[in-house]
**Student:** 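Pasting in a structure now, in structure tokens, and then I'll have a few things to ask.
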Amino acid sequence: MVETFSELQREFFECIADIKYSTMTTVDSRGRPRSRVLVPIWQVIDGRPVGWIATYRTPVKTAHLARNPHVTTSYWSPAQNAVYVDSVASWVDDHEVKREVWELYRQGSPPPVGYDPQTYWKKGPSDPEYHVLRLDPWRVQVLRGRDLATGRPARVWRAEGAA
């Protein structure tokens, strides 16, 4: 366990920059998991990680999140580096935030994670099909493959007050 996110921030961003793609898992109305591959981008705001996902607001994703906003995004590489981020997801409709997220995708956050969102949403950040999910993590786990051989445990951060 680490006290603050800053204690594992460097390893978190290194792994994410290397892996790039994440599997996001939601839960359906019967408690069954559903996963999809997405590319979240990350920032640190007030000492805490905040994730953003540019995505389509599909009926399945919308129904799952309306019923249960808890999601897990997981990253894995063949080097056995893994990151697990347990979060509460929420749709963001604020146009300025959506524009900022659009730019974060174009720049990469962390570089080289990101892409040109214009590839998917031709009308730019005001495209009616462009939606943004905000991820507010309550738990982050980082495990490096090299640590498995030495017995070093995964490094885990929990938000204050998280169970």
Side-chain angles (χ1 to χ4, degrees), residues 1-92 101 104-105 107-115 117 119-120 131-163:
M1 248 348 205
V2 298
E3 294 288 320
T4 64
F5 180 73
S6 65
E7 293 175 61
L8 61 77
Q9 180 175 328
R10 182 184 55 77
E11 289 177 302
F12 174 80
F13 280 114
E14 283 176 0
C15 286
I16 288 180
D18 177 53
I19 300 167
K20 297 176 189 71
Y21 292 92
S22 168
T23 300
M24 183 178 88
T25 304
T26 57
V27 178
D28 74 9
S29 63
R30 292 176 160 180
R32 299 173 300 192
R34 167 69 87 69
S35 296
R36 75 269 296 145
V37 175
L38 298 168
V39 180
I41 54 172
W42 296 92
Q43 294 180 294
V44 176
I45 299 174
D46 297 327
R48 295 180 58 155
V50 174
W52 304 99
I53 299 175
T55 188
Y56 292 96
R57 203 169 188 157
T58 65
V60 169
K61 200 180 305 161
T62 300
H64 288 194
L65 294 175
R67 184 173 188 284
N68 184 347
H70 291 88
V71 302
T72 295
T73 50
S74 60
Y75 299 81
W76 175 83
S77 78
Q80 301 302 327
N81 294 330
V83 176
Y84 304 96
V85 185
D86 299 322
S87 304
V88 175
S90 57
W91 293 106
V92 176
V101 169
L104 286 172
Y105 268 94
Q107 297 166 10
S109 185
V113 178
Y115 54 84
T119 303
Y120 301 98
H131 297 282
V132 170
L133 275 174
R134 177 182 168 128
L135 304 178
D136 288 295
W138 56 270
R139 182 180 181 279
V140 175
Q141 177 179 335
V142 177
L143 178 62
R144 305 294 291 247
R146 65 178 181 247
D147 296 335
L148 292 171
T150 64
R152 180 182 181 209
R155 296 173 37 90
V156 177
W157 167 83
R158 288 183 194 269
E160 191 173 316

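Only heavy atoms go into these numbers, but all of them, side chains included; no hydrogens, no water, no symmetry mates.
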**Student:** When rounded to the nearest 0.5 angstrom, what distance separates CZ in Arg139 from CG in Asp86?
**Tutor:**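 That separation rounds to 5.5 Å.
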**Student:** So, using side chain to side chain donor-acceptor pair (under 3.5 Å) as the criterion, who are the partners of Arg67 when residues are at least two apart?
**Tutor:**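 None.
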**Student:** With a 3.5 Å distance limit and no angle check, can you tell me whether Asn81 reaches the backbone of Gly145 through a side-chain donor-acceptor pair?
**Tutor:**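 Side chain of Asn81 to backbone of Gly145, a donor-acceptor pair under 3.5 Å: yes, one is there.
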**Student:** If you count every heavy atom of other residues, nucleotides or ligands that lies below 6.0 Å from Arg34 atom CZ, does the total exceed 12?
**Tutor:**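 No, the 6.0 Å shell around CZ holds no more than 12 heavy atoms from other groups.
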**Student:** For Ala63, give me all partners under side chain to side chain contact (heavy atoms under 4.5 Å, CB included), at least two apart in sequence or on another chain.
**Tutor:**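 For Ala63 there are no side chain to side chain contact (heavy atoms under 4.5 Å, CB included) partners, ignoring immediate neighbours.
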**Student:** Looking at side-chain heavy atoms only, is the closest gap between Tyr56 and His131 below 4.5 Å?
**Tutor:**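 Not in contact.
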**Student:** Going by heavy atoms in the side chains, are Gln9 and Trp157 under 4.5 Å from each other?
**Tutor:**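 No. Closest side-chain heavy atoms not under 4.5 Å.
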**Student:** Please report the interatomic distance CZ(Arg155) to CZ(Phe12), rounded to the nearest 0.5 Å.
**Tutor:**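 If we round to the nearest 0.5 Å, Arg155:CZ and Phe12:CZ are 13.0 Å apart.
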**Student:** Is there side-chain contact between Thr73 and Leu135, with heavy atoms separated by less than 4.5 Å?
**Tutor:**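 Answer yes - side chains close enough.
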**Student:** Taking atom CD of Gln80 and atom CG of Leu143, what is their separation to the nearest 0.5 Å?
**Tutor:**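 Going from the CD atom of Gln80 to the CG atom of Leu143 covers 8.5 Å.
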**Student:** Can you sort out the partners of His64 under side chain to side chain donor-acceptor pair (under 3.5 Å), two or more places apart, ordered by chain and number?
**Tutor:**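 Partners of His64 by the side chain to side chain donor-acceptor pair (under 3.5 Å) criterion, ordered by chain and then number, come out as Thr26.
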**Student:** Which atom names give the shortest non-hydrogen contact between Pro112 and Ala17, and what distance separates them?
**Tutor:**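 Residues Pro112 and Ala17, closest heavy atoms: CD-O, 3.7 Å.
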**Student:** Tabulate below the donor-acceptor pairs under 3.5 Å that side-chain atoms of residues 37-51 make, not counting sequence neighbours, or state none.
**Tutor:**
from	atom 1	to	atom 2	distance (Å)
Trp42	NE1	Tyr75	OH	2.9
Gln43	OE1	Trp52	NE1	2.8
Arg48	NH2	Pro137	O	3.1

**Student:** Within the structure provided, determine whether Leu133 and Trp91 are in side-chain contact (heavy-atom separation under 4.5 Å).
**Tutor:**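 With C-beta onward as the side chain, the pair touches.
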**Student:** Just wondering, do Arg36 and Val60 contact through their side chains at under 4.5 Å, heavy atoms?
**Tutor:**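 A side-chain contact exists here, since the closest heavy-atom pair is under 4.5 Å.
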**Student:** Considering the options Pro110, Ser22, Ser109, which one meets the side-chain contact (heavy atoms from CB on, under 4.5 Å) requirement together with Ile16?
**Tutor:**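 Going through the options one by one, the only one that passes is Pro110.
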**Student:** Taking side chain as C-beta onward, heavy atoms only, is Arg144 less than 4.5 Å from Cys15?
**Tutor:**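 Contact flag for Arg144/Cys15 side chains = yes.
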**Student:** Quick one: side chain to side chain contact (heavy atoms under 4.5 Å, CB included) partners of Tyr84, sequence neighbours excluded?
**Tutor:**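 By the side chain to side chain contact (heavy atoms under 4.5 Å, CB included) rule, Tyr84 matches Ser74, Ala82, Gln141.
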**Student:** With Arg10, which residues qualify under side chain to side chain contact (heavy atoms under 4.5 Å, CB included), at least two apart?
**Tutor:**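 Residues passing side chain to side chain contact (heavy atoms under 4.5 Å, CB included) with Arg10: Glu14.
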